[in-house]
Amino acid sequence: MDICPKCGLPKQACVCEEIAKSEQRISVEIVKRRFGKHATLVKGLGQDVNTKEIAKELKNELACGGTVKDGVIELQGNHLQKVKPALVKLGFSEESIIS
Ligand SMILES: [Zn+2]
């Protein structure tokens, strides 16, 4: 059985990640990349959140490519409208997302 190192509860009973998610201050930013292409940056995901897993879910949800670098998720294309509901669906609170 997996025990959470933070709260000492079994992983199934642990809510650390949920708490971490609700305490995030996430910012969404659209940047321009080479050849006039856009990318959507999701910043501010804390260390308690599994950024790689979130990136994977977002890529599935938005059907796009993307990478994670230094805790920042970069999604290919402009997803300003869709990324917020996608993050909410993943358990982040709407108020915590600034765009
Ligand atoms: Zn925990």
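All values reported here derive from a predicted model rather than from experimental measurement. Below, each value reflects all heavy atoms present in this structure, side chains not excepted, and no hydrogens, waters or symmetry copies.
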Taking all heavy atoms of [X] and all of [Y], pick out the closest pair and write down the distance.
X	Y	result
Leu58	Ala86	CD2-CB, 3.7 Å
Thr51	Gly71	CG2-O, 3.9 Å
Val68	Ala55	CG2-CB, 3.4 Å

To the nearest 0.5 Å, what is the distance between [atom1] ([X]) and [atom2] ([Y])?
X	Y	atom1	atom2	result
Glu94	Lys84	CD	NZ	5.0 Å
Cys4	Gln12	SG	CD	11.5 Å
His79	Glu61	NE2	CD	11.5 Å
His38	Thr40	NE2	OG1	9.0 Å
Ile98	Arg25	CD1	CZ	6.5 Å

Could you state whether [X] and [Y] fall into the same hydrophobic cluster, counting links through intermediate Ile, Leu, Val, Met, Phe, Trp or Tyr residues with side-chain heavy atoms under 4.5 angstrom apart?
X	Y	result
Leu90	Ile97	yes
Leu45	Val88	yes
Ile3	Val15	no
Leu41	Ile54	no
Leu62	Val72	no

Under the 3.5 angstrom rule, does the side chain of Asn78 hit a backbone N or O of Leu80 as a donor-acceptor pair? yes
Taking the basic N atoms (NZ, or NE/NH1/NH2) and the acidic carboxylate oxygens, is any pair closer than 4.0 Å for Lys89 and Glu57? no
Are the side chains of [X] and [Y] in touch, meaning some heavy atoms are under 4.5 Å apart?
X	Y	value
Lys37	Gln76	no
Leu75	Lys59	yes
Leu87	Ile26	yes

Quick one, Glu74 with Lys69, criterion salt bridge (Lys or Arg N to Asp or Glu O under 4.0 Å). Give me CA distance, side-chain angles, the key distance, then yes/no. CA-CA 8 Å; Glu74 176 167 338; Lys69 203 181 167 191; over 6 Å; no
